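Each remark here refers to the structure printed beneath this line.
To find a chain, count down the sequence lines: A is the first, B the second, and so on, and within it residues start at 1. The structure presented is a predicted model; accordingly, all values stated were derived computationally and were not measured.
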Protein chains: 2
Amino acid sequence: MGIKERRAREKEHLRQQILSAARELFVNEGYENVSMRKIANKIEYSPTTIYLHFKDKADLLDSVCKETLLNLLNTLEQLKRDTTDPVETLRKSGKAYVEFGLEYPQDYKLTFVIRPQFQKGLGLDEGSVGEKVFDYLREMVSECIQEKIFRQVDVETTGQVMWAAVHGVTLLLIDFPDFPWTEKDKLIDTVIHTTIEGLKA
Amino acid sequence: MGIKERRAREKEHLRQQILSAARELFVNEGYENVSMRKIANKIEYSPTTIYLHFKDKADLLDSVCKETLLNLLNTLEQLKRDTTDPVETLRKSGKAYVEFGLEYPQDYKLTFVIRPQFQKGLGLDEGSVGEKVFDYLREMVSECIQEKIFRQVDVETTGQVMWAAVHGVTLLLIDFPDFPWTEKDKLIDTVIHTTIEGLKA
DNA sequence: GATATAATATTAACACTGTAAAGTTAAATC
DNA sequence: GATTTAACTTTACAGTGTTAATATTATATC
């Protein structure tokens with residue numbers, strides 16, 4: 001039954017085409033400014049064809065964001081982990097997280113700010129990629145606590161504090177590019193350093 | 001010339017009517033889901049009347065956000081400041097900031113996340129309310145540094161770190177209400193405490 | 001009090017939006 | 001070759017932000 005497979009392949013191919021056209025447009029022009037017709041034009045299909053592959057525009061956004069989370073997870077997992085110093089690993093991961101956000105600012109905002117607005121049910125459900133990202137963070141924090149480097153607060157809270165710090169600085173840098181920030185890398189490093197020091201004590 | 005003044009008063013009154021109708025709708029239904037026609041209906045005027053008072057929808061958003069910043073500034077300035085302990089004052093202010101964000105989550109998001117998307121030139125220009133909010137933060141941080149409680153990093157960076165922390169936790173709590181957060185107040189307190197401790201060291 | 005003037009509000013229209021329903025076409029199965 | 005199935009398009013609807021032209025009102029001038 002090679003035909004069915006070819007068909008399925010073609011279908012998947014078109015899905016990917018739509019997805020990558022949508023991502024490119026969303027990222028360059030902003031989710032609100034991209035119409036289904038624009039996406040359709042780009043891939044040279046009629047607008048309604050998109051609806052054969054995605055429920056609606058929000059679903060399309062959803063799929064784009066899932067990819068972004070996957071990319072973020074890959075970026076983090078590809079980090080060479082320092083097996084002797086868990087704090088150094090955490091520091092590096094935090095830095096990588098922020099840098100990911102700044103490298104793909106629109107992707108980041110789409111995933112962590114725009115999407116929650118449309119999909120109330122967040123993307124951190126059980127087994128989701130989003131959950132895996134937070135699992136990664138939890139794991140690293142856990143090591144720091146186990147080795148008694150960090151205060152013995154529970155892992156959850158500690159991880160959430162770390163997340164808040166990197167999320168905050170990432171969004172501020174993205175959203176207020178004209179603000180007279182301290183030199184970018186210095187700011188990021190200070191945020192991460194400060195948070196880690198605060199978690200020790 | 002009492003007539004002109006009355007006219008001006010009436011005009012201002014209508015402006016305020018539009019503004020408060022817009023805020024209520026933006027906050028309850030989300031900026032994207034509110035149409036000019038909806039706002040007009042609410043105040044029982046024709047849609048185009050709004051354009052006699054505001055340049056466009058983004059300008060309307062802009063004005064709503066300016067009010068929010070003013071409210072935030074008032075909230076912060078009404079805080080009873082502990083004159084003997086600047087750190088305690090900073091802690092209280094941080095807490096008040098986050099609580100403001102959580103009390104008016106849509107206002108907060110509108111101001112600090114949605115607006116920057118439409119008005120690239122942020123709202124932190126010289127002399128603006130936004131700048132005053134940051135000035136307030138800078139002042140408090142400065143006291144902590146002067147009294148040699150904080151590390152002798154420059155005031156700017158220190159303030160920005162603090163801002164990143166509270167901004168981060170505020171947005172996470174708003175955007176991912178279903179995430180299994182640590183008890184809310186504990187999380188906020190830990191974020192602020194951790195950041196302050198990290199700034200001492 | 002009638003008329004001109006200015007301010008204020010409205011109607012009509014344009015080009016665009018997301019998306020549902022119906023219609024078309026081509027390929028696969030019998 | 002006829003029929004079913006899948007993929008895709010056309011058409012249509014109700015709604016969007018916004019502009020230009022028009023109408024209405026209230027004030028100022030004569």
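- Distances shown here put every side-chain N or O of S35(B) at or beyond 4.0 Å from the OP1 or OP2 atom of dG15(D).
- At a non-hydrogen distance threshold of 4.0 Å, L14(A) from residues 14-33 of chain A come into contact with DNA chain D.
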Which protein N or O atoms sit under 3.5 Å from an N or O of nucleotides 21-26 of chain D?
from: dA26(D); atom 1: O3'; to: R7(B); atom 2: NH2; distance (Å): 3.4

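- Each of T49(B) and A58(A) was matched to the nucleotide of DNA chain C holding its nearest heavy atom; the match closer to the 5' end belongs to T49(B).
- Here the CD1 atom belonging to I18(B) is positioned 10.0 Å from the OG atom belonging to S63(B), to the nearest 0.5 angstrom.
- With hydrogens and angles left out, the side-chain atoms of T158(A) and R138(A) include no donor and acceptor closer than 3.5 Å.
- Between the E183(A) side chain and the D185(A) main chain, a donor and an acceptor come within less than 3.5 Å of each other.
- Contacts of Y45(B) with the nucleic acid, taken as non-hydrogen atoms under 4.0 Å apart, involve only primed sugar atoms and P, OP1 or OP2.
- In this structure, T111(B) and C65(B) approach most closely via the heavy-atom pair CA-SG, 3.5 Å.
- Between the side chain of K132(B) and the backbone N or O of L70(B), no donor-acceptor pair lies under 3.5 Å.
- Salt-bridge formation is detected for the pair E88(A)/R91(A): a Lys NZ or Arg NE/NH1/NH2 atom is positioned less than 4.0 Å from an Asp or Glu carboxylate oxygen.
- Nearest heavy-atom pair, Y97(B) versus L76(B), reported as atom, atom and distance to 0.1 Å: N-CD2, 4.3 Å.
- Taking only side-chain nitrogens and oxygens, K11(A) comes nearer than 4.0 Å to OP1 or OP2 of dA7(D).
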Taking only nitrogen or oxygen atoms into account, show me every contact under 3.5 Å that the protein makes with nucleotides 10-12 of chain D, one pair per line with its distance.
from: dT10(D); atom 1: O4; to: T48(A); atom 2: OG1; distance (Å): 3.1

